Amino acid sequence: MRGEVRARRLPDTPAPPLDLVGVQIPYHFRCPISLELMRDPVTVSTGQTYDRPSIESWFAMGNTTCPVTRCPLPDFTLIPNHTLRRLIQEWCVAHRSDGVERIPTPKQPADPTLVRLLLAQASAGDASLSSRIAALRRLRALACESEKNRAVVSTYTRSAIAEMAFGADLDLAVGAMEALAAVGVTERESAMVAARPERVAMLAGMIRLESSAEARIGAAALVEGMRTAEAREAVGGADGVIEGLVALVENGDSRAVRAGMRGLFSLCLAKENRGRAVMAGAAEAVVRRIGEMYSVERGDLERALATVELLCRVEGGREAVVGVEGAVADLVRAMTGKATERAAEHAAGALVAVVGGSETLQEEAVAAGVVTQLLLMVQSGCSDRARRKAQMLLKILRPAWPMQDLFANSDDFLHPF
């Protein structure tokens, strides 16, 4: 391993100084793993110092020893070496005229001790309401600072915060749900809600809460975490849950839209919820937002298109999608460019339902370039399910193809194998 070779020779003979814009970097300012100038030096239990990203990558690869000494590490605690960092910063400043930039002071990950203290303050029943809410806000702020902080805060607080989100005091519950939006939830927390009808009712009220967008996002995350058909049916059948998710999709910012869509997708996996979602306006709401989903995480676009496909299969779903201006063009666009196989598959499945029986919509889809995309899908080695959907849509669209004679011998594309 490259890092191991470097580590073996460092204790005996320092590597030759490296150049940084013509300036030699002192070898003790360089990370023993990367041999680059350390920006966030941390010390392990053997007393050796490394740059934080390098030693974290070492641990992530499954190594349990100190790279330099080869001694087993009793723990993986990383202690910031503030003295060395200040010396490195002073060296950078001294060589500013040579083009060396001063390294910024890194933000340290959340201290688990501080996290536990804040959780104790937030959970203290004898403390004032204002101090408990302040502790929750501080936990939320820590989780929002970085992904590392989020992992630390989530590990120590998630279940407890989920409990507080369903307490008797509304203000504290809102504060806890806001923190939960930053901390994240797992299937376990969602199952705890679905198993208790009174909590499902509270969840519905939180999703409809107009005073706190963050609390609504946290509530939507709990809905997304539902993993069983029973839980999804119970939550989806509660008054206001689906309507609240639709409102998030229709009126929220980008984070709220994604949270609402994820929640709707989770609930629509249960057949019993699809008719309710159509009646609540979910089909129109999701289709109107599809055009905004290309720049976000690809899984969100896939979930949005899967939701549309599911809703098109129930009464009123197709009509709701057709009623949205530009819906066909957006569904075709979802199959083009860098679209994933799943996104293209769900878009094709939705289009089968949408354009079937309407020559006008078939011509619109063809004009938007869907035929080329479908032929590419069929030839691309996609899954059998995706290929069947593409072949079905090609059959539906065949009368609308321009220059049909060019495709007179293209039966291989139109028939499943």
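Just so we're clear, the structure is a prediction, and the values are computed from it rather than from any experiment. Quick note: numbers below take in every heavy atom, side chains included, and nothing from hydrogens, waters or symmetry partners.
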Contact summary for Gly184 and Arg158, nearest pair of heavy atoms: O-CD, 3.0 Å
Ion pair check, Arg39 and Asp51, cut-off under 4.0 Å: no
Considering all heavy atoms, the nearest Ala329-Glu364 contact: N-OE2, 4.1 Å
Flag, side chain of Asp169 to backbone of Leu172, donor-acceptor distance under 3.5 Å: yes
Leu269 side chain reached by Leu310 side chain, heavy atoms, under 4.5 Å: yes
Smallest separation among heavy atoms of Ala343 and Glu302, with atom names: N-CG, 3.9 Å
Leu136 CG to Asp171 CG distance, which is reported to the nearest 0.5 Å: 11.5 Å
Donor-acceptor under 3.5 Å (Arg102 side chain, Glu90 main chain): no
Side-chain donor or acceptor of Ser190 paired with backbone N/O of Val223 under 3.5 Å: no
Full working for side chain to side chain contact (heavy atoms under 4.5 Å, CB included) between Val44 and Phe76: CA-CA 7 Å; Val44 298; Phe76 303 107; over 6 Å; no
Stepwise salt bridge (Lys or Arg N to Asp or Glu O under 4.0 Å) check, Glu345 with Arg342: CA-CA 5 Å; Glu345 175 197 331; Arg342 287 187 178 182; over 6 Å; no
Donor-acceptor contact present, side-chain Asn149 to main-chain Leu142, <3.5 Å: yes
Closest heavy-atom pair and its distance - Pro74, Ser45: CD-OG, 3.3 Å
Exceeds 12 heavy-atom contacts within 6.0 angstrom, atom CD of Glu198: yes
4.5 Å side-chain heavy-atom contact, Leu351 and Leu361: no
Atom pair OH (Tyr50) and OG (Ser57), whose distance is rounded to the nearest 0.5 Å: 13.5 Å
Evaluation steps, side chain to side chain contact (heavy atoms under 4.5 Å, CB included), between Val321 and Arg318: CA-CA 5 Å; Val321 172; Arg318 174 192 178 276; 5.9 Å; no
Selection residues 227-252 - residue pairs positive for salt bridge (Lys or Arg N to Asp or Glu O under 4.0 Å), sequence neighbours left out: none
Within-4.5 Å side-chain heavy-atom neighbours: Val183 and Leu139: no
Distance-only donor-acceptor check, side chains Ser131 and Ser128, under 3.5 Å: yes
CZ (Arg188) with more than 12 external heavy atoms under 6.0 Å: no
From CA spacing to verdict: side chain to side chain contact (heavy atoms under 4.5 Å, CB included), Asp253, Val257: CA-CA 6 Å; Asp253 60 15; Val257 169; over 6 Å; no
Derivation and outcome, salt bridge (Lys or Arg N to Asp or Glu O under 4.0 Å), residues Glu178 and Arg216: CA-CA 8 Å; Glu178 289 175 346; Arg216 298 174 72 192; over 6 Å; no
Atom pair CD/OG of Glu363 and Ser358 - distance to nearest 0.5 Å: 8.5 Å
Check: Leu222 and Leu180 side chains under 4.5 Å, non-hydrogen atoms: yes
Heavy-atom pair with the smallest gap, counting every atom of Leu374 and Ala348: CD2-CB, 4.3 Å
Any donor-acceptor N/O pair, Asn81 side chain to Val42 backbone, under 3.5 Å: no
Residue pair Ser159 / Glu189, side-chain heavy-atom distance below 4.5 Å: yes
Heavy-atom donor-acceptor pair, Ser34 side chain to Glu36 backbone, under 3.5 Å: yes
Minimum-distance pair of heavy atoms, taken over all atoms of Ala277 and Cys268: CB-SG, 3.8 Å
Spatial distance of atom CG (Leu267) from atom CD (Glu272) [nearest 0.5 Å]: 11.5 Å
Note, Val249 side chain near Leu245 side chain (heavy atom, < 4.5 Å): no
Polar side-chain atom of Arg274 near backbone of Val314 as donor-acceptor pair, under 3.5 Å: no
Donor-acceptor contact below 3.5 Å, side chain Arg85 vs main chain Asp40: no
Any donor-acceptor N or O pair under 3.5 Å, side chains Gln89, Thr105: yes
Listed once per pair and sorted, the salt bridge (Lys or Arg N to Asp or Glu O under 4.0 Å) pairs that draw on residues 119-129, sequence neighbours left out: none
Contact check, side chains of Val355 and Ile396, non-hydrogen atoms, under 4.5 Å: yes
Residues, nucleotides or ligands: over 12 heavy atoms within 6.0 Å of Met279 CE: no
CA sep, side-chain torsions, deciding dist, call: Ile161, Met164, side chain to side chain contact (heavy atoms under 4.5 Å, CB included): CA-CA 5 Å; Ile161 290 177; Met164 283 185 273; 4.2 Å; yes
Nearest-0.5 Å distance, CD of residue Gln379 to CZ of residue Arg387: 9.0 Å
Where at least one partner belongs to residues 131-154, residue pairs that pass salt bridge (Lys or Arg N to Asp or Glu O under 4.0 Å), sequence neighbours excluded: Glu56-Lys148, Arg140-Glu214, Glu147-Arg150
Main-chain N/O of Arg303 paired to Thr307 side chain as donor or acceptor, under 3.5 Å: yes
Donor-acceptor contact below 3.5 Å, side chain Glu341 vs main chain Ser383: yes
Salt-bridge contact Arg313-Glu309 (side-chain N to carboxylate O under 4.0 Å): yes
Pair Thr65-Asn63, side-chain donor/acceptor within less than 3.5 Å: no
Test item: Thr372 and Leu376 side chains (from C-beta on) under 4.5 Å apart, heavy atoms: yes
Gap between atom CH2 of Trp91 and atom CG of Leu37 - 0.5 Å precision: 6.0 Å
